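Since this is a predicted model, take the numbers as computed values, not measurements.
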Amino acid sequence: MEDFTALPDLASRAFGGGVVHANDEFFATADHLVLPSAPGHAPKTFDHKGQVYDGWETRRRRSPGHDFAIVRLGAPGVIHGVDVDTAFFTGNFPPYASVDAVALPGYPGPAELAEAEWTEILPRAELKGDSRNLFGVTDGRRYTHVRLTIYPDGGVARLRVHGEVVPDPALLPKIFDVAAAEYGGRVVDCSNVFYGHPQRMLMPGLAQNMGDGWETSRRRDDANDWVLVQLAAPARLRFADLDTSHFKGNAPGWAALTGLTADGDQVELLPRTALRPDTPHRFPLVKGPAVTHARLDIFPDGGMARLRLHGRADQDHLWARMRSCLEP
């Protein structure tokens, strides 16, 4: 059940996710739901409305009904599971919640979303307070928005919507960063995740600090560390950005890139090349066939802030993926 948490959080603010509408935000705004950071808490910290919470909290209901918040997914895709996190909400968490989803083109506002035909992806389920509440989702369709409903009221710290990113090919250029998490690139294997998961390398924007990247433990043998990335689509790669920003005394000494074709053939994209600490590097890649995966080897170990792989994507593949998840 918890395996889906390794997939990207489609609702995350890091991808541009946001709360479009909430019917009540009396004690704490719903914008907290999509923050990428873990929820925090400062006990006995009060403002003019009471204890300050890092989450969404509605007032106590004195009439029948329920509360809800609508979230625009920063990265539309197929949802595999949701995490309704009630961290630090103890005597004020909602006892039940449900989640609906919808796929709409463009940028609908609250009025259009209110009239949309929503699909229930999580029936009303019991929640625990001060806990991560994990629920698997089996619906295989692509969605752009989700609606969290809580019964009858209360507080939720975070809503994580884990799944596979499925971008709209009509909105993508022919050449883009096919390793980017926001377009569907994802890490499928790696040698070491001691200090940080390599999926962070594929996130949008510049790394904020040394903790916002992939860093391995110190090697005490003759091997090296590596990570395998499944690309958003088969692509002919042209440039690689290997960014060691913030990694000063722990940057890799060298790096190499190898592509993997759909037939399983290996293609050298970047021979072993020296890297500098705390430096964004860009390298032209050896021209070759389309690859579905790319393996980054670092020598012998260390940290990488960001990995970008720019190439010409297979448009037919992107459209086929899009069509495959439009119907149940």
Side-chain angles (χ1 to χ4, degrees), residues 2-10 12 14-15 36-38 74-75 77 80 160 162-165 176-219 221 223-233 235 237 239-260 266 269-270 272-273 275-283 285 291-311:
E2 298 182 12
D3 290 345
F4 64 76
T5 60
L7 297 171
D9 175 10
L10 308 181
S12 175
F15 286 134
S37 59
H80 286 260
R160 308 295 190 199
H162 296 280
E164 297 177 65
V165 179
F176 61 93
D177 176 12
V178 290
E182 62 187 310
Y183 301 134
R186 64 190 185 99
V187 170
V188 293
D189 201 1
C190 66
S191 61
N192 187 287
V193 293
F194 192 86
Y195 288 113
H197 197 283
Q199 187 69 26
R200 295 175 184 170
M201 294 190 299
L202 311 183
M203 293 300 288
L206 300 175
Q208 299 301 303
N209 50 52
M210 198 169 68
D212 187 18
W214 173 45
E215 184 183 359
T216 70
S217 56
R218 299 190 187 207
R219 278 202 168 266
D221 56 25
N224 69 280
D225 288 315
W226 54 269
V227 62
L228 183 65
V229 177
Q230 179 178 308
L231 305 180
L237 300 180
F239 291 93
D241 293 341
L242 305 182
D243 187 356
T244 60
S245 291
H246 309 295
F247 293 98
K248 299 176 180 179
N250 52 353
W254 303 265
L257 280 165
T258 305
L260 186 67
Q266 293 187 9
L269 300 171
L270 178 71
R272 181 166 168 158
T273 302
L275 300 181
R276 298 293 300 168
D278 193 29
T279 301
H281 308 78
R282 170 163 285 192
F283 300 109
L285 301 180
V291 296
T292 60
H293 297 71
R295 171 171 161 149
L296 169 67
D297 281 87
I298 58 174
F299 302 92
D301 53 36
M304 188 75 66
R306 290 292 185 266
L307 169 66
R308 310 293 189 209
L309 298 172
H310 305 276

- Expected output: side-chain Thr279 to main-chain His281 donor-acceptor under 3.5 Å: no
- Query: Quick one: does Trp214's side chain get under 4.5 Å of Val227's, heavy atoms only?
  - Reply: yes
- Note on the structure: Taking every heavy atom of Asp225 against every heavy atom of Ser191, the minimum-distance pair comes out as OD1-OG, 2.9 Å
- Heavy-atom distance under 4.5 Å between the side chains of Phe4 and His162, does that happen here? yes
- Message: Quick check: do Leu242 and Leu270 have side-chain heavy atoms less than 4.5 Å from each other?
- Response: yes
- Asn224 side chain vs Ile298 backbone, donor-acceptor pair below 3.5 Å: yes
- Item | pair Arg186-Val165: side-chain heavy atoms closer than 4.5 Å | no
- Residue pairs passing the ring-ring contact (aromatic ring centres under 6.0 Å, His included) test where at least one lies in residues 183-204, sequence neighbours excluded: Phe176-Tyr183
- Query: Do Val229 and Leu296 come within less than 4.5 Å of each other through their side chains, counting heavy atoms only?
  - Reply: no
- Do NZ/NE/NH1/NH2 and the carboxylate oxygens of Asp212 and Arg306 come within less than 4.0 Å? yes
- Say you draw a straight line from CG of Leu257 to CZ of Arg272; how long is it, rounded to the nearest 0.5 Å? 13.5 Å
- Query: Mind checking whether Asn250 and Glu215 have side chains closer than 4.5 Å, heavy atoms only?
  - Reply: yes
- Closest non-hydrogen atom pair between Val193 and Pro198, with its separation: CG1-CD, 3.5 Å
- Whether Thr292 side chain and Leu260 backbone form a donor-acceptor pair below 3.5 Å: yes
- Between Thr244 and Gly303, the two heavy atoms sitting closest are CG2-O, 4.3 Å
- Under the criterion side chain to side chain contact (heavy atoms under 4.5 Å, CB included), which of Asp241, Leu237, Val178 is the partner of His310? Asp241
- Query: Within the side chain of Thr216, is there an N or O that forms a donor-acceptor pair under 3.5 Å with the backbone of Gly302?
  - Reply: yes
- Query: Under the side-chain contact (heavy atoms from CB on, under 4.5 Å) criterion, do Leu269 and Thr258 qualify, and how do the steps go?
  - Reply: CA-CA 5 Å; Leu269 300 171; Thr258 305; 5.9 Å; no
- Query: Does Arg308 make a cation-pi contact with Phe239 (under 6.0 Å, within 45 degrees of the axis)?
  - Reply: no
- Query: Can you find a heavy atom in the side chain of Asp301 that is under 4.5 Å from one in the side chain of Asn192?
  - Reply: no
- Message: Tell me whether Gln230 contacts the main-chain N or O of Leu228 through its side chain, where contact means a donor paired with an acceptor under 3.5 Å.
- Response: no
- Item | Shortest non-hydrogen separation from Ala305 to Ala207 and the atoms involved | CB-CB, 3.7 Å
- Message: So, using side chain to side chain donor-acceptor pair (under 3.5 Å) as the criterion, who are the partners of His80 when residues are at least two apart?
- Response: Glu164
- Smallest separation among heavy atoms of Gln199 and Ala181, with atom names: NE2-CB, 3.7 Å
- Message: Is the shortest side-chain heavy-atom distance between Phe283 and Thr273 below 4.5 Å?
- Response: yes
- Closest approach of Ala75 to Glu182 (non-hydrogen atoms, all atoms of both residues): CB-O, 4.3 Å
- In terms of side-chain geometry, is the basic nitrogen of Arg295 or Asp297 positioned less than 4.0 Å from the acidic oxygen of its partner? yes
